[in-house]
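Note sheet for the following structure.
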Amino acid sequence: MDALARFPGSYWRDLFDSRVGRTTWPYGSGVWSKKEFVLPEIDSDHIVSLFEGNSNLFWAERLGREHLGGMNDLWVKQCGISHTGSFKDLGMTALVSQVNRLRRAPLSRPINGVGCASTGDTSAALSAYCAAAGIPAIVFLPADRISLQQLIQPIANGATVLSLDTDFDGCMRLIREVTAELPIYLANSLNSLRLEGQKTAAIEILQQFNWQVPDWVIIPGGNLGNIYAFYKGFEMCRVLGLVDRVPRLVCAQAANANPLYRYYKSGWTDFQSLVAGTTFASAIQIGDPVSIDRAVVALKATDGIVEEATEEELMDATALADLTGMFACPHTGVALAALFKLRDQGIIGTNDRTVVVSTAHGLKFTQSKIDYHDKNIKDMLCQYANPPISVKPDFGSVMDVLQKKLNGKI
Ligand SMILES: Cc1ncc(COP(=O)(O)O)c(C=O)c1O
Ligand SMILES: N[C@@H](CCOP(=O)(O)O)C(=O)O
């Protein structure tokens, strides 16, 4: 930080702005366009990048206006529209690049592979970046708890996939033990290299707002590395003079997997890990988050809030977002449901500039949408379901249905 502080904030803003939209290696990446803030010493030839980042900041105009009491400054940071379909690409380019550097001469460290436990997105990103660099990847997955789309990603990218009959927290414990014994480098967000990459999403938001600071940023939380990464990105820009304040952060959890929410509600006095229950937001089905302490730092420093969302709340929020043109994943639904609650309570105001962080692509979680629109979820009304209409293939039947539809009768 001392070295970076030798230059004024305006120098960094201009430098980062000058790199957007270029293809010059490695600055065409949203992460490496901020190389000096991420891993300043790495040689560009050692970087493993798929030109991640630079994701869309979507103006959720209709969702805000029609469903959130006339909110007019609501934005969704589409971190899931990325190479492997989640924000994990941002951190994985930093981590795998560093491993690549360590394995090569002159350092030539004996690292035989890189490993992680995963609920499906970290494993997909690790496998893709390792495949690009020719580094063996080993992933520990909780059997039958991740989507088919997530499962096929490391398989297709040639990783060693271990499907374990336990939950994510069980996989996490095992990978920590294994990486302590074998020359396998740990790629979970315990490793701060991941957070160095992930923090660039926060810097990117500031840049996309022309270096103006939003009032609120809402982030779905599971293992809790990302909430800290966002804090770090915002705080670094404040300290180095790129902006003059940081936004208030909200961490949103599924009510079925809510150890941080309970801790927050106890006034930060009583943290208890738990066995996470099943949730449609399966990537945050985590009961013993490894970055719990970092999350508390981030929330305290930003006057932050923790909210939770039930299964019905998160699925309804996802469906409403989709009905206004998005294709949100259930984790984004958790963050949106938190926004609905904070609007109802009057905590987030109509004119507050608010960013919801969308963490994965909806196409990775289609089964939950199919179940919702089929109204095939026990004890859930699925009030925004839009099931297909079966029609006989003749002109009369089709006209009949369309007339009823146009007259609002179905
Ligand atoms: C899609 C998605 N959203 C949110 C999260 C939560 O991120 P974190 O574990 O950093 O809290 C994860 C992973 O945990 C994820 O895969
Ligand atoms: N959702 C994550 C869980 C692990 O998180 P990490 O950021 O600590 O690697 C996943 O996709 O595996």
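All heavy atoms count here, side chains included; hydrogens, waters and symmetry mates do not. Atoms within a ligand are numbered from 1 in the order they appear, just like the ligands themselves.
Protein heavy atom nearest atom 10 (O) of ligand 1, with residue, atom name and distance: Asn226 N, 2.8 Å. Protein heavy atom in closest approach to atom 3 (N) of ligand 1: Thr359 OG1, 2.7 Å. Looking only at protein heavy atoms, the nearest one to atom 7 (O) of ligand 1 is Phe87 CZ, 3.5 Å. Remark: minimum distance from atom 8 (P) of ligand 1 to any protein heavy atom is reached at Leu224 N, 3.4 Å. Of the protein's non-hydrogen atoms, the one nearest atom 5 (C) of ligand 1 is Ile284 CG2, 3.4 Å. With respect to atom 13 (C) of ligand 1, the closest heavy atom belonging to the protein is Lys88 NZ, 3.0 Å. Protein heavy atom closest to atom 1 (C) of ligand 1, with residue, atom name and distance, is Asp121 OD2, 3.1 Å.
With a 6.0 Å radius and a threshold of 12 heavy atoms from other residues, nucleotides or ligands, Lys375 has its NZ atom above the threshold.
Ligand-side atoms of ligand 1 in range of Ala360: 1 (C), range being under 4.0 angstrom from any heavy atom. Of all the atoms in ligand 1, the ones that sit under 4.0 Å from a non-hydrogen atom of Gly225 are 8 (P), 10 (O), 11 (O).
Of the polar atoms of Gly222, at least one N or O is found under 3.5 Å from an N or O of ligand 1, judged by distance alone. Polar contact with ligand 1: present for Asn223 (N/O pair, distance under 3.5 Å).
Side-chain rings of Phe209 and Trp75 approach one another, their centers coming within less than 6.0 Å. Taking the ring centroids of Phe7 and Trp12, they lie under the 6.0 Å cut-off.
Figure legend: cation-pi geometry between Arg145 and Phe168 absent, as NZ or CZ is not positioned both under 6.0 Å from the six-membered ring centre and within 45° of its axis. Relative to the ring axis of Phe327, Lys369 places its NZ or CZ within 45° and under 6.0 Å from the centre.
Closer than 4.0 angstrom to ligand 2 sit non-hydrogen atoms from Lys88, Ser118, Thr119, Gly120, Asp121, Thr122, Phe168, Asn188, Ser189, Arg194, Asn223, Ala283, Ile286.
Counting heavy atoms only, Ala283 comes closest to atom 15 (C) of ligand 1 of the residues Pro220, Cys79, Ala283.
Under the 4.5 Å side-chain criterion, counting only non-hydrogen atoms from C-beta, Cys237 is not in contact with Phe234.
Between Glu313 and Lys341, at least one side-chain N (NZ, or NE/NH1/NH2) sits under 4.0 Å from a carboxylate O, which counts as a salt bridge. For Arg262 and Glu308, the salt-bridge test fails: no basic side-chain N is under 4.0 Å from an acidic carboxylate O.
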Under the side-chain contact (heavy atoms from CB on, under 4.5 Å) rule, what do Arg353 and Trp216 come out as? Steps first, then yes or no, please.
CA-CA 7 Å; Arg353 175 167 282 181; Trp216 298 92; over 6 Å; no
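In this structure, Tyr228 has no heavy atom closer than 4.0 Å to ligand 1. Ligand 1 lies within reach of Gly221, whose nearest heavy atom is under 4.0 Å from it.
For the pairing with Glu204, the side chain to side chain contact (heavy atoms under 4.5 Å, CB included) check across Val31, Asn54, Leu57, Leu90 returns one residue only, Asn54.
Ser291 contributes no side-chain N or O that, together with a main-chain N or O of Ala295, makes up a donor-acceptor pair within less than 3.5 Å.
Donor-acceptor pairing under 3.5 Å is lacking for the side chains of Asp73 and Trp59.
Listed by chain and residue number, nothing satisfies the salt bridge (charged side-chain N to carboxylate O under 4.0 Å, His left out) test with Asp371 (two or more places apart in sequence, or in another chain).
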